[in-house]
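Here the structure comes first, spelled out in structure tokens, and everything after it is commentary.
Values in this document were obtained by computation on a predicted structure and should not be read as measured data. Chain naming here is simple, since letters A, B, ... match the order of the sequence lines and numbering starts at 1 in each.
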Amino acid sequence: DQQVKQNSPSLSVQEGRISILNCDYTNSMFDYFLWYKKYPAEGPTFLISISSIKDKNEDGRFTVFLNKSAKHLSLHIVPSQPGDSAVYFCAATYSGAGSYQLTFGKGTKLSVIP
Amino acid sequence: KAGVTQTPRYLIKTRGQQVTLSCSPISGHRSVSWYQQTPGQGLQFLFEYFSETQRNKGNFPGRFSGRQFSNSRSEMNVSTLELGDSALYLCASSPTEGYGYTFGSGTRLTVV
């Protein structure tokens, strides 16, 4: 039972254009969402997060949107750069007592073409 | 500020053996979590420790265990290794409160 789903295993985007990575979740208890970026042979690197009390959070070229009614979030990267090429993981958690567990999607491999 | 350090980086073991992996969290971080990454299942939560106590455990068999020491360093152990245990094992640390998870580079375990 996959509680966090990233339905696109891969995405190719031209340099300078917008990259949109999508993520869906099924567990209504999730109230905090994170995006991680991962290069081969390295651990995931935190990018940006959003609490369920917000519907948008921006950090430079990265913006995360949350649609709670649809249980959907998306990561927008504008403009996309070749260095953004990596695997992007969506993760979710909830603020239950003592619960510091992240549930991850299976990732989307982004390729930014120069 | 030093990051999360995992040792060793690579490990090859034979089926049936046991293995111990080590994780040193960021200084001041008291929570340490472990994750298994495989091509088929993605990143899956193993367990989380805080102040030497296991607070949460994922859906893995009892062959997977861990512990945390008083200096917050953590080890995970896998006994009676199976071929399917081949994976990248990632450790993440976070501050006392909040969700500031920082991951290490992982230990690549290959079981032959």
Q.
Less than 4.5 Å to any heavy atom of chain A: does that hold for the side chain of Leu90(B), its backbone, both, or neither?
A.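 Contact with chain A involves the side chain of Leu90(B) alone.
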Q.
Please classify the contact between Phe47(B) and chain A as side chain, backbone, both or neither, with a heavy-atom cut-off of under 4.5 Å.
A.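 For Phe47(B), no heavy atom lies under 4.5 Å from chain A.
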Q | Residue pair Leu109(B) / Tyr89(B): nearest heavy atoms and the distance that separates them | A |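 Where Leu109(B) meets Tyr89(B) most closely, the heavy atoms are CD2-CE1, 3.8 Å.
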Q. If you look at every heavy atom in Gln101(A) and Thr93(A), which pair is closest and at what distance?
A.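 Nearest pair, atom of Gln101(A) first, then Thr93(A): O-OG1, 2.8 Å.
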Q.
With a 4.5 angstrom heavy-atom cut-off, is it the side chain or the backbone of Phe89(A) that approaches chain B, or both, or neither?
A.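 The answer is the side chain of Phe89(A).
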Q) Who passes side chain to side chain donor-acceptor pair (under 3.5 Å) against Gln44(B), sequence neighbours left out? A)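 Applying side chain to side chain donor-acceptor pair (under 3.5 Å) to Gln44(B) gives none.
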Q.
Both conditions, 6.0 Å and 45 degrees, for the charged tip of Arg108(B) above the ring of Tyr10(B): are they met here?
A.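 Geometry flag: not set, cation outside 6.0 Å or 45°.
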